[in-house]
Amino acid sequence: MKKLKILLFLFFSAFALNAQQIGMYSHYFYKPMVYNPAFVGSGDATNVMFISRAQWSSFKGAPQLNVATLDGNLMDKKIGLGILLFSDRKGITNRIGGDLFYSYKLKINYDMHLRFGVSIGVVDQTIDYSKALVETANDPTLFTDSQHKTVFNGNAGLAFVWKELDFGFAIPQIIGNKVKFVDTSNVRGTYSQARHYMGSLKYKFYINKEKGISIAPQALVRFVAHAPFQYDGNVNFDWQDKFWIGATYKSAYAVSANVGFCLHKQLYVGYSYDFIIGNIGKYSGMAHELMLNFKFGKNKKEELVELPKEDKTLENTA
């Protein structure tokens, strides 16, 4: 039972570091809809994105997060639609599910607008004690078989965009459902989808606008009741949306380095590596994330219609 307590302590610590049940993404700066549904369809093209994140590789049953998204817009970019599928495994627990996203853009003036977004979906929560490392396999407090329950999930968010400034606020798991497990021997357990509060602020500074060279600092804060307040500080250097490099500080957890580039026209690849700080960094092993994104359709610059050049040839009227 002692080993089980140690294992559970490690993974509940992981939940605390990762803002409880909400997954930690290094590429949220590239695709903010993973935290805030108001940003779905906010780009200039339809996007398909895949994220695969591995954390604490030295531990058996280490966290593994996989996400796939599809999003785009319609009605002159006023409506954003999207879908997100995910698998989030941590030791003896596994969450798989999906969400449908909707956002609406309210234009205030030429360079200012508000975005409102919601998403709704389902989550299947599984707990499998057969994967636990225990000294007494027949401990009466353990479930005798794998348990899983499916519940609804909902998220809400808003965003304010003014020129190169983005501000967002979101409430993931706004429904706050509870998952109750009961096996045939009447062993019971409860898992609550805690309501989270998340805010983000980003501003893009152009170093050379004609050459498309910019730098963008971004802050992200997370709060959930009965858990430590958390924040991220991120800065990215970008060149024409074809190459970026940056760094992130994740409070009391890690310093991350990320790099990305356009591999072939509309295919983008990003990679992030966490340098874990604190005592656990000596034992945790690798923590890194891979992102692939494919853009369908033309970019904003390509959509501009080139005006015909003035014909300066003078006819000879002589």
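A quick note: this is a predicted structure, and the numbers were derived from the prediction, not measured.
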remark   = Between A62 and W56 the two heavy atoms that sit nearest each other are CB-O, 2.8 Å
inquiry  = In the structure I gave you, are the side-chain heavy atoms of I108 and L114 within less than 4.5 Å of one another anywhere?
reply    = yes
message = Could you check whether K250 makes a cation-pi contact with Y253, meaning its NZ or CZ is under 6.0 Å from the centre of the six-membered ring and within 45° of the ring axis?
response = no
message = Within the 4.5 Å heavy-atom criterion, are N258 and Y30 side-chain neighbours or not?
response = no
query = Quick one: side-chain contact (heavy atoms from CB on, under 4.5 Å) partners of Y110, sequence neighbours excluded?
reply = none
ask   = Under 3.5 Å, is there a donor-acceptor pair linking the side chains of S119 and N155?
value = yes
request  = With rounding to the nearest 0.5 Å, note down the distance linking CZ in F116 to OH in Y104.
outcome  = 9.5 Å
query = Is the distance between the ring centroids of F296 and F294 less than 6.0 Å?
reply = yes
Straight-line distance of N109 CG to W162 CH2, nearest 0.5 Å = 9.5 Å
inquiry  = I want to check something: taking the side chain as every heavy atom from C-beta on, are D232 and R222 in contact at a cut-off of under 4.5 Å?
reply    = yes
ask   = Less than 4.5 Å apart, any side-chain heavy atom of L84 and any of V34?
value = yes
request  = Scan for salt bridge (Lys or Arg N to Asp or Glu O under 4.0 Å) pairs involving residues 21-32, sequence neighbours excluded, and state none if there are none.
outcome  = K31-D71
task = Decide whether T126 and D124 meet the rule of one side-chain donor and one side-chain acceptor closer than 3.5 Å.
result = yes
